[in-house]
Amino acid sequence: MYGKIKEHLQQELRNIEEAGLYKKERIIVSPQDAVIKIENGGEVLNFCANNYLGLSSHPALIEAAREALDTYGFGMSSVRFICGTTDLHKELERKIATFFGTEETVLYAACFDANGGIFEPLLSENDAIVSDALNHASIIDGVRLCKAQRYRYINTDMNDLEEQLKKAQKQRFRIIVTDGVFSMDGNVAPVDKICELGRKYDALVMVDECHSAGVVGNTGRGVTELFNIRGEVDIITGTLGKAFGGAIGGFTTGRKEIIDLLRQRSRPYLFSNSIPPMIAAAGIKMFDMMSETTVLQDRLHANTDYFKTGIQEAGFTIKPTKSAIVAIMLFDARLSQDFAAALLKEGIYVIGFYYPVVPQGEARIRVQLSAAHTKEHLDKALKAFVKVGKEMKVIV
Ligand SMILES: *Cc1c(COP(=O)(O)O)cnc(C)c1O
């Protein structure tokens, strides 16, 4: 039975390898942090984690998780509506709503599930989804699972969004969907203008805050803080797997009736396991920390500014960014891979991205800053970029 498809799969794998697109995993043998230990490679500075606030190994979160492990045990062995809801799950949902200034929250196992389970319960073939062309894969999959009419607009292009909204007037309800921060360039969606168009063309607005929550806005409350439009976005989805601790878990937060209906009808919520109590407990602790102090956000913003300024002064070209992502443009695919390999030899761990992950001729190194980075870490990274940049004749 397996013979024929086995050959087919082997050929597929060879094709991926020959195209240079085979993804290999680097093995880490230490906690996730600014400094990590890699198998057979010693210690390196990590500039490619989504550990924006440096919380992945934060003692306060570990302590909160450990305490919950002792009092609530390991797992829930249930979906939420059968016997998978503890007081911790409810408390975390309330904290998320308070943080974003929304009415209600529903937790998922991951934001991939939150995005996968949002559209189908709310919209039918009579409705329209108007989606940014560079939205995350999980949004694209969520849209596929729903029968609504699909419209796509050019990344952050408000003229094109308006054109698509005009076309979508023939449907009953409309929703505009965008990432808050786009992960390849680090640019922020103009959510203030998107909300204006939402009002003008009678459309709901949904923002996926995975790369923006905890990061953008003075206190890290995401795009609604950045644009001073708290309470105006109807639906926010996000993850506990990036800035917010880096473990696992996703959420949808927003209008009460929307969240209530998701609890009744959203398939990844109804048919997938509840997050472990220790994850909820660490999440609660994390949101408590966020409401007490902005020291981590302040450090992240200072680190990002410092690195961005340094890399530009050295002569590198970067994409306009308003997040903790800095895309250092090398344009050539081969060069991006050689450059990343040379940086690793200097003890700097970053990833080079090239087509089809980014447009043809736009290969780059993506650097992600963290509150866990010290000034010494940033200086070491800048020095390595300058050294390799000169060696490879990217800068003079
Ligand atoms: C990472 C990410 C997700 C998926 O989040 P998980 O909680 O890891 O499933 C969804 N959307 C965007 C924009 C992301 O960057």
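Owing to the predicted nature of the structure, the values given are computational and were not obtained by experimental measurement. Counting starts at 1 for both ligands and their atoms, following the listed order.
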Collect the protein residues that have a non-hydrogen atom under 4.0 Å from ligand 1 and hand them over in chain and number order.
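Within 4.0 Å of ligand 1, protein side: Ala110, Cys111, Phe112, Asn115, His136, Ser138, Asp179, Asp208, Cys210, His211, Thr239, Lys242, Gly249.
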For Arg364, give me all partners under side chain to side chain donor-acceptor pair (under 3.5 Å), at least two apart in sequence or on another chain.
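With sequence neighbours excluded, Arg364 shows a side chain to side chain donor-acceptor pair (under 3.5 Å) to Asp185, Glu362, given in chain and number order.
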Determine whether the aromatic ring centres of Phe47 and His373 lie less than 6.0 Å apart.
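Yes, the ring of Phe47 comes within the 6.0 Å limit of the ring of His373, centre to centre.
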One thing to verify: whether Asp260 and Lys256 come together as a salt bridge, which I'm taking to mean a side-chain N less than 4.0 angstrom from a carboxylate O.
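Salt bridge: yes.
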ring-ring contact (aromatic ring centres under 6.0 Å, His included) involving Phe251 - partner list, sequence neighbours excluded:
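Listed in chain order: Phe100.
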For Phe244, check ring-ring contact (aromatic ring centres under 6.0 Å, His included) against everything at least two apart and list the hits.
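In terms of ring-ring contact (aromatic ring centres under 6.0 Å, His included), with neighbours along the sequence ignored, Phe244 is linked to Phe99, Phe287.
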Contact between Met290 and Lys95 at the side-chain level, heavy atoms closer than 4.5 Å - yes or no?
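No - every pair of side-chain heavy atoms lies 4.5 Å or more apart.
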